[in-house]
Structures are given as structure tokens and as C-alpha cells.
Amino acid sequence: MAASTAQVLSLYRKLMKESNKFPSYNYRTYALRRVQDAFRANRSVEDPKMVEQLLNQGRDNLDMIRRQVAIGKMYPTQKTIVEG
């Protein structure tokens, strides 16, 4: 099954939305930057097998981000100066 542009964009939106939920400013900005950089780096990939492999990797990362956000919310930390 070839991945469509809509699937890729949907995964990107989900990753960005979940990454934005990190309670810690440092983790949040790091995750957002990593998601953006990964999608930019693989923008020119056209091989359907490789696209599918990257989508699966992205879905795994989405699951990991969801788990890390849940854990981060269990143990609140002090806000940094940047967060105000």
C-alpha cells in the first residue's frame, strides 16, 4: 500500500500536536524541532517502500511521544525563565 500525501500530512500534524503537549519547555522545543527536521530531511523521498517505512517509524515515534507526555505530566517540574 503506497502512502498518500494526506497520510504524511496527517502524521506530521499529529506529531506536532502531541509534541506541543510536553509540559517541559526544553522537551517541547526539542521534540518540535526534531519532527520538523525529520520531515524536511525526508521531503524528497519518493520510493513507496521507503515512504511506508518512514511512516511506520513516525507512528512509532508518535506512540513514544504520547507515552513521554503522559509520564511528564505525572511529575511536574518548575517552570523555566523562558516559560514565564
Side-chain angles (χ1 to χ4, degrees):
M1 177 177 112
S4 69
T5 303
Q7 288 176 312
V8 174
L9 290 174
S10 174
L11 179 62
Y12 178 77
R13 281 189 218 103
K14 287 177 185 176
L15 283 162
M16 294 297 285
K17 187 175 180 179
E18 286 299 318
S19 295
N20 221 5
K21 292 180 181 178
F22 273 108
S24 168
Y25 171 80
N26 291 326
Y27 287 123
R28 185 172 51 250
T29 55
Y30 176 76
L32 290 168
R33 188 174 59 246
R34 286 293 306 258
V35 169
Q36 291 170 340
D37 291 347
F39 274 80
R40 281 189 194 124
N42 295 301
R43 177 182 283 178
S44 61
V45 175
E46 294 182 11
D47 178 31
K49 289 182 181 179
M50 186 62 174
V51 172
E52 194 63 39
Q53 183 180 8
L54 289 167
L55 274 174
N56 288 333
Q57 183 180 356
R59 290 180 192 114
D60 290 344
N61 287 338
L62 179 60
D63 291 339
M64 180 192 60
I65 289 171
R66 286 180 175 153
R67 286 191 302 271
Q68 292 300 321
V69 166
I71 291 170
K73 288 180 179 180
M74 285 185 219
Y75 304 101
T77 59
Q78 213 173 6
K79 290 191 179 241
T80 61
I81 294 173
V82 177
E83 291 177 288

Output the distance between atom CD (Gln68) and atom CD1 (Ile65), rounded to the nearest 0.5 Å. 9.0 Å
Please list, chain by chain and in numerical order, all residues satisfying salt bridge (Lys or Arg N to Asp or Glu O under 4.0 Å) with Arg33, sequence neighbours excluded. none
How long is the span from the CG atom in Leu15 to the CZ atom in Arg66, to the nearest 0.5 Å? 8.5 Å
Scan for side chain to side chain donor-acceptor pair (under 3.5 Å) pairs involving residues 16-26, sequence neighbours excluded, and state none if there are none. Glu18-Lys21
To the nearest 0.5 angstrom, please state how far the CE atom of Met16 sits from the CZ atom of Phe39. 9.5 Å
With Asp47 via salt bridge (Lys or Arg N to Asp or Glu O under 4.0 Å) - residues at least two apart: none
Cationic N near anionic O, under 4.0 Å, Arg34 to Asp37: no
Test Val8 against Thr5 for side-chain contact (heavy atoms from CB on, under 4.5 Å), laying out the working first. CA-CA 5 Å; Val8 174; Thr5 303; 5.6 Å; no
If you take all heavy atoms of Lys14 and Leu62, which pair is closest and at what distance? O-CD1, 3.7 Å
Taking atom CD of Gln53 and atom CG of Asn42, what is their separation to the nearest 0.5 Å? 10.0 Å
What distance separates Phe22 CZ from Ile71 CD1, expressed to the nearest 0.5 Å? 9.5 Å
Check against side-chain contact (heavy atoms from CB on, under 4.5 Å), Gln57 and Leu54: CA-CA 5 Å; Gln57 183 180 356; Leu54 289 167; 3.8 Å; yes
Do other residues, nucleotides or ligands put more than 12 heavy atoms under 6.0 Å from the OH atom of Tyr27? no
Take Ser4 and Gln7 through the test side-chain contact (heavy atoms from CB on, under 4.5 Å) and record every step on the way to the result. CA-CA 5 Å; Ser4 69; Gln7 288 176 312; 3.5 Å; yes
